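Everything quoted here is computed from the prediction, not taken from an experiment. We name chains A, B, ... by the order of the sequence lines, and we start the count at 1 in each one.
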Amino acid sequence: MKLHEFETKELFKREGITVPEGKVLESIDQLDRILNSLKGPPWVLKAQVHAGGRGKAGGIRVAKDREDAFKGVAELLEKRLVTAQTGKDGVVIKKLLIEEFTPHMGEYYLGITLDRSKALPALILSTRGGMEIEEVAKEDPRAVSKIWVNPLWGFSPYKAREILFGVDPMPDLELHPPLEGLFRKLYEVFWKYDCSLVEINPLAILEDKKFVALDAKMSIDDNALFRHKEFGEDHEGKDPLELEAQSHGLSYIRMNGDVGVMVNGAGLAMATMDIIKLAGREPANFLDVGGGASQEMVRKGFEIILKDPRVRTIFVNIFGGILRCDVLARGMVEALSGIDLKVPMVVRLEGTNVETGREILKNSGLKFSVAQDLKEAIGLIRG
Amino acid sequence: MKLHEFETKELFKREGITVPEGKVLESIDQLDRILNSLKGPPWVLKAQVHAGGRGKAGGIRVAKDREDAFKGVAELLEKRLVTAQTGKDGVVIKKLLIEEFTPHMGEYYLGITLDRSKALPALILSTRGGMEIEEVAKEDPRAVSKIWVNPLWGFSPYKAREILFGVDPMPDLELHPPLEGLFRKLYEVFWKYDCSLVEINPLAILEDKKFVALDAKMSIDDNALFRHKEFGEDHEGKDPLELEAQSHGLSYIRMNGDVGVMVNGAGLAMATMDIIKLAGREPANFLDVGGGASQEMVRKGFEIILKDPRVRTIFVNIFGGILRCDVLARGMVEALSGIDLKVPMVVRLEGTNVETGREILKNSGLKFSVAQDLKEAIGLIRG
Amino acid sequence: MSILVDQNSKICIQGITGKEGSFHTEQMLLYGSRVVCGVTPKKGGSFFKEVPVFNTVKEAKRETDCDVSCIFVPAPFAPDAILEASDAGIRVVVCITEGIPVLDMVKVANAIRGNGTVLIGPNCPGIISPGKTKVGIMPGHIHRKGKVGVISRSGTLTYEVVYQLTQAGYGQSTCIGIGGDPVIGTDFVFHLKEFERDPQTQAVVLIGEIGGSMEEEAAHYVIQNRYPKPVFAFIAGLTAPPDKRMGHAGAIISGGKGGAQEKIQALEEAGITVIRDLSTLGETIRFRLNSQGISPDL
Amino acid sequence: MSILVDQNSKICIQGITGKEGSFHTEQMLLYGSRVVCGVTPKKGGSFFKEVPVFNTVKEAKRETDCDVSCIFVPAPFAPDAILEASDAGIRVVVCITEGIPVLDMVKVANAIRGNGTVLIGPNCPGIISPGKTKVGIMPGHIHRKGKVGVISRSGTLTYEVVYQLTQAGYGQSTCIGIGGDPVIGTDFVFHLKEFERDPQTQAVVLIGEIGGSMEEEAAHYVIQNRYPKPVFAFIAGLTAPPDKRMGHAGAIISGGKGGAQEKIQALEEAGITVIRDLSTLGETIRFRLNSQGISPDL
């Protein structure tokens, strides 16, 4: 789960990391009161959307006076922002963060991410803040310092020395203790909130050698949300069908095609989408009912596929393991009985209790084609 | 450093471990006010001395009424308590802990100690509380459960299961969660205060299945005292010469003999004491001026030896390494000049700068015998 | 032969009395696996289908000398169960549990490193050495004893691949589901090395997916070590969009890394046969193996 | 030969610019030790007596390929220095520092276990392979190259023993001060094994003291493995009273355990010659070795 910039900054503030003073706005009516409560002008207006490349796309503006601020808010709020990461439709800006402007003399990048292959958190420092860290790493690798911290050893002081002395140009020696403190805090935040990423970019260095996190990013491990009730659910910008599926424990993602897909297991679901594409069609969705789905979940899955008006073909690909084929068949019958299915449906069943499952479907009176194996299924979908 | 029972109990209380209500008394004048502030009778009077075996030696009494309490305090306070561990002189009782009496239905032993050879803390549970754990381990090993916790893994829940399910008779299942909680707390205390030992014996199990630590022991690692300013220095019952030496960074322990000893290095100092004994004499002290002692420390060491009226011979055994023999010699001359040394002194010098050192001593006009090696030194001490 | 587990493996089921644990214990017993004990705290002393239940793995190990464990414990308690198994000296620990927070696994993976434990999973179907033993949740009947080793990041996709292999006449030496999470106990390279040493195994199939760099590392290993047995691969997620978690927590293309195309390219550059059309996997492998003189299992 | 360090060892001094560090670096250089670098944070880029100083051990290792480090860092910072050295891949780490809290060492010892680092100390004089290299603070001139290995929990007592050995005509292969603290990186058994493999070493002297059970473990090892070289021992603290810390944090008899008498008995039962009178140590060893055909070093 990604947190918005303003959520991350609120959390940072609680944890003792300095951020600019700011307020979130959802309606232009609130602007006057907010501007009165903040130092300025100038002020910074920042679109709160889950997409990188906001700045380049015009989602961040500096307002030099009140009039400018009102104009900026009017041009951003409830408008679609198209960035390099949003796709052509862009995302609607529902919230703006209004902040005091922070004059500063330099910018750093600080981040912690999980290095999967080492199974260790990686701490990254760059003296070229404000840029994408991947770009800096390519263009000017000496400006990036990266270390890995063994969580059982903890963030021992020598680790701070390795990262701070390992970057070129090296930060002034007087900046080392506060930077070490900041990394230590970020590292605590990373563990305390089960982050997969926490990032300050840019970190502003003020004239008096203090630091302020001008931008802040945080992603929380979905598997750990059960122990972080402090993060409410964030439905913003999410597809309603995805939300419905999620509330039933189904893993559903909307795609751009017209073949509605139901599969058990994530790997097989991805492979099924790939096969549809190889057959010259496009999947309308990714839907994994899970290795051990119940009859109820199968029924819900079907309902969600059927709610998608773009679907022209349905492809059910089930390899029974823990999920037995008879359970699948019963869920299917339950979901489809009484519905006049207008689109062709291809069913490929295999694995545990396959005979009973096929029997149930056969006796159900439902209309569908049976494929004995994947090859036959592909032929039927190709049509 | 050993904490007194009342100090440990105060600390336990702060950390959330239940102890009986109680107050410390240093004069019988305070007793009336203390009894008024506590529930009772009965009350428990406990001598606060650093020696095991208090109970058997009469250092713990239950007072059944006010009169009994006054009588008990009068009989204990400022009196010498001789226990199995104090030696025949015993120790003077300077403080008494007056506590409410805790009726209970069972007693456990809980302790954490450092296992040197495994380099791991060992957690110990015994269902036969109130007894010395070593005795229980010998008599009834099944009543003792011991586990080792890797500090990098932490006290994971399975460790609690191992210790609780590993003892016979096993505690009632309903006691497992509170016992796990108590061990977790003790484990935290162990690390937080740099303990070498923390012990609750006995832990009382009350009728309502709650726990109360009836007795509590804690030892703090001397090397870690620099980061635990919360523990003041405890001079009680300590030898004044030992205290003086300590304040100068010298490691000095009073012994029962009459040969005053000065050595550099702990191992050589122990070996020197052993040699004196082999020669048929007894050392008056252990004194290690340290591998890297300064001239000043050598001088101080001599002053302390000379203050001990029992000393009949002085033996200086120095193997110069970091401590150079010339530094030793200068310190010696400084300490002894102007003093009319009444006892014979044997000096054995070897190692770094030995020639200069011998030269300085020779020219000092001091009276002493020089030994070329240990064998000769022994001969001279034997006299 | 086979790798990691065989008919002599003595299996302990952690969470044996739970819903999943008890169902799959029965399935394993039916398959012929030697389930010698189970662990459920507070149920020590009882039995599940004649399998003795203990309070701790340490006790179970002492009483039965089990050397493999299979964990069916809910996500919040599974990391503790893995540590317990490793600490008790279990050689192969299979964690089926899905949904464990990844940072818990970071701690666990680093803790048991150097402890002599091989951790399979979490979020995996387990290990099967067909005809010998099954330690996990895969449907046993689709497998057949044979000469192909299978290493997979997936569950049902593995069943599909195994099914096609069996249909094509090729049985399996050992099939390992290494798990679909970002941090898991082993990787492709670990098992490639095991299969290299296993005389029963004559070919290996890797089933990868988007996310991470394990496939690239496998390609690197194969090329660096002139891997002596034919290797096949299938990569799921060619059409997956970036920044979306495709069911598995580990299957996510992020920061432009972990895409299927790059993985396929790396594998092919290492001389590995990458099968793009899943529906033809079985016949492609049969054709290739046959032409290399590796005949089907009869 | 010799063990752990020799003339090829490339030494890094952690804390090279401090009072102790700089003094002993000079002494080591005078002895002929190859001190190739030093580490003092914030002094990177400078030189101490032509020895380059770096900010981190990682950098020092990268630039000089040092494989041994010697730590002269104050107690509150020494645990971090040990971890840094181990993490940077230093093979032999010698920690001279005295007064480190024991629980810090518990963490450090468990952390570096399995990391391939041999930690000597803390609170030790270091290691010397006479005539080859000295990594520590012992006075070099009392040593002589030869055939006796020395393992000691003490500092100056070791010098006394070495001095007597040299006077008696027997030089040393390697002398190791393993440290006087309750938790240290190695024990007698570890070095007994090393000396067993070392052809230069023909006899071993153990210098023990009260506290702990390391001497008993050494006795056990010698008897269990029919140790092939003559072993001598001296135990300090026969007259030490219980519950008193005799200078060393590790030298304390507590709970009735760790007394000298029990240690001497265990060692003698293992066939080890225990010398009770320190003043006769050199001549006793000379007599015994001579009678076993192990002649003095000329």
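For chain C, the nearby parts of A:Phe319 are the backbone and the side chain; heavy atoms of each come within less than 4.5 Å. The contact between C:His248 and chain A is made by backbone and side chain atoms together, counting heavy-atom distances below 4.5 Å. For chain C, the nearby part of A:Asp221 is the side chain; its heavy atoms alone come within less than 4.5 Å. Contact annotation for A:Arg348: only side-chain heavy atoms (C-beta onward) come within less than 4.5 Å of a heavy atom of chain C. Proximity to chain C (any heavy atom under 4.5 Å) is restricted, for A:Asn150, to the side chain, taken from C-beta onward. Heavy atoms closer than 4.5 Å to chain A are found nowhere in C:Ile184, neither backbone nor side chain. With a 4.5 Å cut-off on non-hydrogen atoms, C:Arg245 touches chain A through its backbone and its side chain both. Heavy-atom distances place no part of A:Tyr252 under 4.5 Å from chain C, backbone and side chain included. Neither the backbone nor the side chain of C:Glu216 comes within less than 4.5 Å of any heavy atom of chain A. Heavy-atom distances place no part of C:Pro125 under 4.5 Å from chain A, backbone and side chain included. In this structure, no portion of C:Ser152 lies under 4.5 Å from any heavy atom of chain A.
With hydrogens and angles disregarded, no donor-acceptor distance shorter than 3.5 Å links the side chain of C:Ser33 to the backbone of C:Leu29. In this structure, the side chain of C:Gln164 does not engage the main chain of C:Tyr159 through any donor-acceptor pair within 3.5 Å.
A salt bridge does not link A:Asp373 with A:Lys375: every distance from a Lys NZ or Arg NE/NH1/NH2 to an Asp or Glu carboxylate oxygen is 4.0 Å or more. Here A:Lys277 pairs with A:Glu282 in a salt bridge; the nearest charged N to carboxylate O distance falls below 4.0 Å. Under 4.0 Å is where a charged nitrogen must lie from a carboxylate oxygen, and between A:Arg310 and A:Asp258 no such pair does. Using a 4.0 Å cut-off between charged nitrogen and carboxylate oxygen, C:Lys244 and A:Glu242 count as a salt-bridge pair. Under a 4.0 Å N-O distance rule, the pair C:Lys257/A:Glu134 does not qualify as a salt bridge.
Contact count against chain C (heavy-atom pairs under 4.5 Å) is highest for A:Ala271 among A:Ala377, A:Gly265, A:Ala271. Put simply, of C:Ala111, C:Ala251, C:Gly250, C:Pro241, the one with the most heavy-atom pairs under 4.5 Å next to chain A is C:Gly250. Ranked by heavy-atom pairs under 4.5 Å with chain C, the first of A:Gly351, A:Ala119, A:Ser117 is A:Ala119. In terms of heavy-atom pairs under 4.5 Å with chain A, the best-connected choice from C:Ala240, C:Ser154, C:Gly237 is C:Gly237. No other option in C:Lys107, C:Met138, C:Glu160 has as many heavy-atom pairs under 4.5 Å with chain A as C:Glu160. Interface remark: of the candidates A:Asp115, A:Leu374, A:Ile253, A:Asp274, A:Asp274 forms the most heavy-atom pairs closer than 4.5 Å to chain C. Ranked by heavy-atom pairs under 4.5 Å with chain A, the list C:Met214, C:Glu98, C:Glu209 is led by C:Glu209. Contacts with chain A were tallied for C:Asp187, C:Ile142, C:Val102; C:Val102 has the most, counting heavy-atom pairs under 4.5 Å. Between chain A and the residues C:Gly140, C:Gly211, C:Gly208, C:Ala75, the largest count of heavy-atom pairs under 4.5 Å involves C:Gly211.
The distance from atom OG1 of A:Thr83 to atom CZ of A:Arg54, rounded to the nearest 0.5 Å, is 10.0 Å.
Paired with A:Pro283 under the rule side-chain contact (heavy atoms from CB on, under 4.5 Å), one option of A:Thr313, A:Ile276, A:Ile275 passes, and it is A:Ile276.
In this view, C:His24 and C:Phe72 satisfy the ring pair (Phe, Tyr, Trp, His ring centres under 6.0 Å) rule, not counting sequence neighbours. Residues forming a side-chain hydrogen bond (donor to acceptor under 3.5 Å, both in side chains) with A:Tyr109 (at least two apart in sequence, or on another chain): A:Glu199.
Side chains of C:Thr156 and A:Asn264: a donor-acceptor N/O pair is absent below 3.5 angstrom, by distance only.
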